[in-house]
Structures are given as structure tokens and as C-alpha cells.
Amino acid sequence: MEPGWLLWGAAVLLLLLHVLAELSPAVGFVLRLGWYCLLCVLGSLLAVPACLLLNGGRTVRNMRIIKNIVKAFKYFFGLKFEVKGLENFEVEGPAIVVSNHQSILDMMGLMEVLPDNCVQVGKKELLYTGIVGLIMYLGGVIFINRKSTTSAKMVMSEVAKTMVAENVKVWVYPEGTRNCTGDFLPFKKGAFHLAIQAQVPVIPVVYSSFTSFYNPKTKLFTSGKIKVEILPPIETKGLTSDDVSDLTDRCYHTMRETFFVLSGRPSPSEQWGPDQPDVWCGTALLV
Ligand SMILES: CCCCCCCC/C=C\CCCCCCCC(=O)SCCNC(=O)CCNC(=O)[C@H](O)C(C)(C)COP(=O)(O)OP(=O)(O)OC[C@H]1O[C@@H](n2cnc3c(N)ncnc32)[C@H](O)[C@@H]1OP(=O)(O)O
Ligand SMILES: CCCCCCCCCCCCCC(=O)OC[C@@H](O)COP(=O)(O)O
């Protein structure tokens, strides 16, 4: 077939998909999310050779390459980020970054602000997403088995040692799973054990609620603005394992308050997590 016809075919297909997306929100949602996954695959196809050629293998230096590619994704979805407090990342040496986790789209928000020398903790299932898993591996993502607390704790303890030796920051989603309910889930304690074991500061990062432009339940996915705030580091020097719960509580409350301010919503009565946790995405791999 002639290239001219192929181009025409592609243009007509795109137009058709666009019309379909406009007519049905559900179709639009699936198409946009599919397009996001495709972008991740295409981005990885570009990033894998670049990482291997420039850095030779699994290293946090690859995160720079990944970050620069992913930062272009937002333009395809009409997403805008408004970032405050980037200077709070400028701490000497390693740290634990904790942030709220609403969706797989968070990966864009993550790369928008990611400091140098910072790797994330992710569920091991992500390794099985083909080339996307490979790029995460090459970027230095630490994979944990959430189904086994013992093995997850062992991996995290090892990380406490290496992050200091290798001067890297570690980004953890302390809710432990995606949560698009417009509130926080209770925080798991791994990140805070890690910070105290390594005696490094915790830097909280908060993303405003996605619910106004993204909601998998109602099949909503439009353009939108996300406010991001990097809060001042919380020191852990001198704290012991007895202080883990207090540190967890403190971060939870500060971040939750900031979340409601950034989302322009009044804070519901102070409580530990939502009344009825509604974790719509607990078991699926991606959506
Ligand atoms: C170029 C284009 C490319 C496109 C493609 C993109 C590529 C982009 C590249 C890169 C981006 C990568 C993005 C990745 C994003 C991934 C996100 C996720 O996958 S989020 C899910 C996984 N993450 C977590 O789950 C962490 C948070 N979880 C924890 O920290 C937990 O605490 C965990 C897993 C360690 C344990 O889980 P428990 O469910 O058993 O939770 P508990 O209740 O906290 O722990 C049980 C008991 O153990 C103690 N414990 C926990 N950790 C401990 C420790 N280290 N030492 C001692 N005790 C500990 C606790 O204190 C608790 O005990 P007491 O209840 O207090 O008595
Ligand atoms: C099979 C080929 C398709 C691959 C396309 C995958 C593209 C999406 C990659 C985005 C990475 C974002 C990582 C992420 O956000 O993972 C979800 C986990 O944090 C939490 O998992 P869960 O809510 O507990 O299931």
C-alpha cells in the first residue's frame, strides 16, 4: 500500500476515535487510558536503548532520561501542573519522599517534580508489564512483594542501608495502593521505618484530588489542573522504632490537611481515613 493511503487511513481512524470519544464518555475514557498506556510503551521503546547506551544498565541515572520523556505526556491529555515548594527537595543526601497515590496517571506527576538520584518503591507485578517493566527496572525502581510483609520488610531494610551508601532518595506511596476516593487511605508504616532506620528526613509531597477530571467509576477523563506541593522535610535524627507511629500520624495529618487545601475542599471531620474505604482498584494490575 502507498504511504499516502496509510496516512489518510490513520487520519480517518484518529478522527473516528475522536468523534467516538466525544459521543461516549466511557469510550473516551478507555481510549484516553489506552493512549496513555501506548505512550508508556512508546516512551519505553525510546528510553530503553538510550538508557543502555548512555548508562549501560540498571542505575538511578536513567531516571533523568525517563523523566524527560514522561514530562511530555501531559500535553497529550491537557493536564497542567502547578508546583510549589520544589526547594524543599534540596536536602543534602538521602531522604524518603512520601506522596499520595490516586492513579496510574500519578507517574506523570511524579516525573514532573522528581529530584535527581531518586528511585521509587513499586509492587513487583509492575515488572511484568513488558518493556514498561524493563524501563522501571533500568531506572532502579525497588520492587516489593506486598503479599509478603516479611519479604517486603527485608527488601526495605536493605534499602535503608544502600540509600545511605549510594546517596539516593527513595519515593514511597505510603497508602500502599492507588486510591481515587478523594481522601487518603491509612498510611502503611514501611516508609517511616525506612526513614528512621536510615536516620534520613521524610519529605512529604501532596497532589490535589483528581476527582474533578479523572474518575474511573464514572468513566471521566478530561483535561485538568493538578496542584502539587512539596512540604518541608521532617527530620528523623535521634528517633527510634518507638517513634514510627507518631511520625506516620504526623505525616498523614499534615499531608491530608494540605490535600484538602490544594483540592479546594473543606476537610471532613478529622478521622483515620475515609468512613468506608472504597478501594476500587485494589486488585487490578493497572486500571
Ligand atoms: C520513558 C517512558 C516510560 C513510561 C513508563 C514509566 C516508567 C516510570 C519509571 C518509574 C516510575 C515508577 C513508579 C512506580 C510506582 C509504583 C507505585 C506502587 O506500586 S505502590 C504499591 C507498592 N508500594 C508500597 O506498598 C509501599 C508502601 N507500603 C509499605 O511501606 C508497607 O508498610 C509494607 C509493604 C512494607 C508492608 O506492608 P503491610 O501491608 O504488611 O503493612 P504495615 O501494616 O505497614 O506493616 C505490618 C507491620 O510491620 C511493621 N513494619 C513495616 N515495615 C517495617 C520495617 N521496615 N521494619 C520493621 N517493621 C516494619 C509495621 O510497623 C507493622 O507493624 P505494627 O502494626 O506497627 O505492629
Ligand atoms: C501489558 C502492557 C501494557 C503496559 C502499559 C503500562 C503503562 C502504565 C505504567 C504506569 C506506571 C504507574 C505505576 C502504578 O501506578 O502502578 C500501580 C501501583 O502503584 C499500585 O497498584 P494497585 O493500585 O495496588 O493495583
Side-chain angles (χ1 to χ4, degrees), residues 33-51 58 60 62-73 96-111 114 118-161 170-181 185-198 216 240-249 279-287:
L33 218 53
W35 175 226
Y36 176 70
C37 290
L38 186 66
L39 271 180
C40 287
V41 172
L42 294 177
S44 302
L45 282 170
L46 205 69
V48 166
C51 290
R58 176 168 156 99
V60 64
N62 287 331
M63 273 301 170
R64 272 202 177 184
I65 299 170
I66 298 169
K67 176 176 164 165
N68 281 306
I69 295 176
V70 172
K71 276 180 87 169
F73 288 9
I96 301 293
V97 182
V98 288
S99 78
N100 55 322
H101 192 16
Q102 304 183 66
S103 149
I104 55 168
L105 301 179
D106 280 335
M107 212 254 307
M108 285 185 274
L110 166 83
M111 295 301 171
L114 191 76
C118 183
V119 296
Q120 303 82 21
V121 170
K123 59 175 185 180
K124 73 165 183 12
E125 290 83 348
L126 290 171
L127 256 179
Y128 311 134
T129 49
I131 190 138
V132 179
L134 177 63
I135 197 63
M136 289 185 198
Y137 171 82
L138 288 175
V141 171
I142 301 154
F143 295 99
I144 56 161
N145 179 359
R146 290 182 301 185
K147 292 185 193 90
S148 160
T149 307
T150 334
S151 99
K153 283 200 291 200
M154 255 156 57
V155 173
M156 305 274 267
S157 300
E158 206 47 46
V159 172
K161 287 178 215 145
V170 179
W171 188 300
V172 187
Y173 291 107
E175 290 170 285
T177 185
R178 285 164 290 165
N179 160 46
C180 214
T181 57
L185 293 176
F187 281 2
K188 295 187 173 281
K189 293 186 182 152
F192 308 97
H193 276 286
L194 193 56
I196 289 182
Q197 278 167 16
T240 68
S241 57
D242 292 340
D243 302 308
V244 167
S245 292
D246 279 353
L247 180 65
T248 311
D249 279 6
V279 192
W280 52 270
C281 48
T283 48
L285 176 61
L286 292 169
V287 187

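Note that the structure is predicted; figures quoted are calculated from it, not measured. In each ligand, atom 1 is the first atom listed, and ligand 1 is the first ligand listed.
- When every heavy atom of Arg146 is checked against every heavy atom of Gly176, the shortest pair comes out as NH1-O, 2.8 Å.
- Within the structure, the closest approach of Thr177 to ligand 1 does not fall below 4.0 Å when heavy atoms are considered.
- With Leu105 as the partner, the side-chain contact (heavy atoms from CB on, under 4.5 Å) test is satisfied by one option alone out of Met107, Gln102, Met108: Met108.
- The ligand atoms of ligand 1 that sit less than 4.0 angstrom from a heavy atom of Met136 are 7 (C), 9 (C).
- Ligand-side atoms of ligand 1 in range of Ala47: 1 (C), range being under 4.0 angstrom from any heavy atom.
- When Val244, Leu46, Val172 are ranked by how near their heavy atoms come to atom 26 (C) of ligand 1, first place goes to Val172.
- Distance screen at 4.0 Å: atom 58 (N) of ligand 1 has a protein heavy-atom neighbour inside the cut-off.
- Proximity annotation for atom 22 (C) of ligand 1: of Gln120, Lys147, His101, Lys123, Lys123 comes nearest, heavy atoms only.
- Put simply, atom 63 (O) of ligand 1 has no protein non-hydrogen atoms near it, under 4.0 Å away.
- Thr129 contributes no side-chain N or O that, together with a main-chain N or O of Val132, makes up a donor-acceptor pair within less than 3.5 Å.
- The ligand atoms of ligand 2 that sit less than 4.0 angstrom from a heavy atom of Lys123 are 18 (C), 21 (O), 22 (P), 25 (O).
- The single protein non-hydrogen atom nearest to atom 33 (C) of ligand 1 is Ala152 CB, 4.4 Å, given as residue, atom name and distance.
- Near Val132, meaning under 4.0 Å from any of its heavy atoms, are these atoms of ligand 1: 5 (C).
- Atoms of ligand 1 found under 4.0 Å from any heavy atom of Leu126 (numbered from 1 in listed order, with element): 16 (C), 19 (O).
- If you check each of Cys40, Gly190, Ala160, Gly122 against atom 18 (C) of ligand 1, the one with the closest non-hydrogen atom is Gly122.
- In terms of protein heavy-atom proximity, atom 6 (C) of ligand 1 is closest to Met107 SD, 3.3 Å.
- Of the protein's heavy atoms, Lys188 CD, 4.2 Å lies nearest to atom 37 (O) of ligand 1.
- Taking every heavy atom of Ile144 and a limit of under 4.0 angstrom, the matching atoms of ligand 1 come to 23 (N), 24 (C), 25 (O), 34 (C).
- Remark: Lys71 pairs with Lys67, Lys74, Glu112 by the side chain to side chain contact (heavy atoms under 4.5 Å, CB included) rule, at least two apart or across chains.
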* May I have the step-by-step check of side-chain contact (heavy atoms from CB on, under 4.5 Å) for Cys118 and Met63, ending in yes or no? => CA-CA 8 Å; Cys118 183; Met63 273 301 170; over 6 Å; no
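- Between the choices Lys153, Gln197, Glu175, Lys189, the shortest heavy-atom distance to atom 47 (C) of ligand 1 belongs to Lys153.
- The closest donor-acceptor contact from the side chain of Asp106 to the backbone of Ser103 lies under 3.5 Å.
- Within the 4.0 Å heavy-atom criterion, both parts of Ser44, backbone and side chain, lie near ligand 1.
- Some N or O of Arg146 is nearer than 3.5 Å to an N or O of ligand 2, by distance alone.
- Annotation for ligand 2: atoms under 4.0 Å from non-hydrogen atoms of Met136 are 11 (C).
- Residue contacts with ligand 2 include Ile104, since one of its heavy atoms falls under 4.0 Å from the ligand.
- Each of the atoms 30 (O) of ligand 1 lies under 4.0 Å from some heavy atom of Ala191.
- Looking only at protein heavy atoms, the nearest one to atom 25 (O) of ligand 1 is Gly176 CA, 3.5 Å.
- For Leu134, the side chain to side chain contact (heavy atoms under 4.5 Å, CB included) partners are Val48, Leu138, not counting sequence neighbours.
- Of all atoms in ligand 1, numbered sequentially from 1 with element shown, those under 4.0 Å from a heavy atom of Met111 are 8 (C), 9 (C), 10 (C), 11 (C).
- Atom 55 (N) of ligand 1 has His193 CB, 3.6 Å as its closest protein atom, hydrogens excluded (heavy atom only).
- The side-chain contact (heavy atoms from CB on, under 4.5 Å) test with Leu46 is passed by exactly one of Ile65, Ile66, Ile69: Ile69.
- Between Thr248 atom OG1 and Phe192 atom CZ the span is 5.0 Å, to the nearest 0.5 Å.
- Taken from CZ in Arg64 to SG in Cys51, the straight-line distance is 13.0 Å, to the nearest 0.5 Å.
- Each of the following atoms of ligand 2 lies closer than 4.0 Å to a heavy atom of Cys40: 7 (C), 8 (C).
- Note that CG of Asn145 and CE of Met154 are 11.0 Å apart. Values are rounded to the nearest 0.5 Å.
- Between Thr177 and ligand 2, at least one N/O pair is under 3.5 Å apart.
- What sits closest to atom 15 (C) of ligand 1 on the protein, heavy atoms only, is Tyr173 CE1, 3.7 Å.
- Between Lys123 and Phe143, every side-chain heavy-atom pair lies at or beyond the 4.5 Å cut-off.
- The closest heavy-atom contact to atom 13 (C) of ligand 1, among the options Val159, Thr149, Leu110, comes from Leu110.
- Under a 4.0 Å criterion applied to the non-hydrogen atoms of Arg146, ligand 1 contributes the atoms 21 (C), 22 (C), 25 (O).
- By the definition of a contact as any protein heavy atom under 4.0 Å away, atom 67 (O) of ligand 1 is not in contact.
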